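When a residue number appears, it is its place in the shown sequence, counting from 1. Every number for a ligand or one of its atoms is a count from 1 in the order of the listing. Predicted, not measured: the structure shown is a model, and the values here were computed from it.
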Amino acid sequence: MSIKISSSTHAVSEADRAAKVANPGFGKYYTDHMVVAEWTEENGWAQAELTAYAPISLDPAAMVFHYGQEIFEGMKAYRQPDGGISLFRPEANAARFARSAERIALPVMPTELFLETVFALVREDANWVPGKVGESLYIRPFMFATEVGLGVRPSNRAQYMLIATPAGAYFNPANAVTVWISTEYVRAAQGGTGEAKCGGNYAASLVAQRAAAKEGCDQVVWIDAKERKWVEEMGGMNLYFVKGSGAHATVMTPKLTGTLLPGITRDSILSVAADLGYKVEETMISIDDWRDGVESGLITEIFACGTAAVVSPVGSAKSVMGTWVTGDGTPGPITNQIRETLLGIQHGTISDTHNWMKKVL
Ligand SMILES: *Cc1c(COP(=O)(O)O)cnc(C)c1O
């Protein structure tokens, strides 16, 4: 099934686009096009169409507005040294999108169709991909329930859409993120939707994020729902802890227990850290391990990871139990090394031994 190209005009002037790409921020500007594909229970997926980026019209009784049946993905395209463009692990996003769809009772989009839409949009809007290290085109696939009706059941219609926004380099080496460990709110419980990338998880997290801000923290850290002691995630990112230092350091991340979102960056760092010669562990990490580890100096670095920011150092952790500081508030050497290695692979300056990069142009 190929994509129907209904628009190849560029609404934004060349000068305007160049100014936006030179200073992209994040999620501020959107490229000239989007992809839309409709699914119905009777006919399955209709042909996907690439059209001019524009507002959409939906019936007010479309199910997504009432029961929140929605999923999304986040992935990036990077400029390469030869001026070309490559995507980072797009098949992993396709696979996760399919798993999220199953959990939220939305239709599964075949991997080939998902990839085709992403490649088509990046190709069409290639001149929106910024070029500096750390910059990228952030790609947002999403899908929502469009059946009209207020009955509660899986929708028999769905709409898939794909949009893209140029993304600047987030990383501010002077500033480690400060976190508020929430003992009041829960992100995910066993049997819930923690493993699915769905908007509902974020809707439920906003009040905790606001509580974190009130405590003077940048982000919220989630602990498990049952025992209220195991570290799970930070906001919309996974977490890593470095035990020890130098060549004998161990790089650890909370184990996927069914309530964590399985990050593609998290998974990639397991390989990158092992390639760099570190011992790597997926394990249970408690808030006591965190406090005792940073107090004794056993835990030397903490960082969060995800597609948007890639790697962000974590400094102070605050909670009702007190405040614990990691290191001196600046990114540690292993955090920096992992970040630079991953970015090097993404930008094509470090050898892609895992065959993660998929060339678009
Ligand atoms: C998307 C997401 C992540 C990070 O996943 P990546 O694939 O690395 O971008 C982590 N936690 C949550 C809750 C997320 O939604």
Is it the case that ligand 1 has an N or O less than 3.5 angstrom from some N or O of Gly74? no
Look at the aromatic rings of His33 and His10 and report parallel, tilted or perpendicular, splitting at 30° and 60°. perpendicular
Can you report which non-hydrogen protein atom sits closest to atom 8 (O) of ligand 1, along with the distance? Thr265 OG1, 2.6 Å
Give the atom numbers and elements of ligand 1 that come within less than 4.0 Å of a heavy atom of Arg96. 5 (O), 6 (P), 7 (O)
What's the verdict on ring pair (Phe, Tyr, Trp, His ring centres under 6.0 Å) for Tyr160 and Trp39, showing C-alpha distance, side-chain angles and the deciding distance? CA-CA 8 Å; Tyr160 165 83; Trp39 175 90; over 10 Å; no
Which residue and non-hydrogen atom of the protein lie closest to atom 9 (O) of ligand 1, and at what distance in Å? Thr307 OG1, 2.6 Å
Using heavy atoms and a 4.0 Å limit, tell me yes or no: is Arg187 in contact with ligand 1? yes
Please check if the side chain of Arg96 supplies one atom and the backbone of Glu73 the other of a donor-acceptor pair under 3.5 Å. no
Ligand-residue contact atoms, ligand 1 with Tyr202, heavy atoms, under 4.0 Å: 12 (C), 13 (C), 14 (C), 15 (O)
Any non-hydrogen atom of Glu73 lying under 4.0 Å from ligand 1? no
Can you report which non-hydrogen protein atom sits closest to atom 4 (C) of ligand 1, along with the distance? Gly236 O, 3.8 Å
Give the residue, atom name and distance (to 0.1 Å) of the protein heavy atom nearest atom 1 (C) of ligand 1. Lys197 NZ, 1.4 Å
Kindly give the heavy-atom pair with the smallest separation between Ile181 and Trp324, and that separation in Å. CD1-CZ3, 3.4 Å
Nearest neighbour in protein (non-hydrogen) for atom 5 (O) of ligand 1: Gly263 CA, 3.3 Å
Protein heavy atom at shortest distance from atom 12 (C) of ligand 1: Glu233 OE1, 3.3 Å
Is there a donor-acceptor pair closer than 3.5 Å between any side-chain N or O of Glu301 and the backbone N or O of Thr335? yes
Which class fits the ring pair Phe303 and Tyr240: parallel under 30°, tilted 30 to 60°, perpendicular over 60°? parallel
Looking at Lys20 and Asp16, does any basic side-chain N land under 4.0 Å from a carboxylate oxygen? yes
Given 3.5 Å as the limit, does a donor-acceptor pair link the side chain of Glu232 with the main chain of Pro254, or not? no
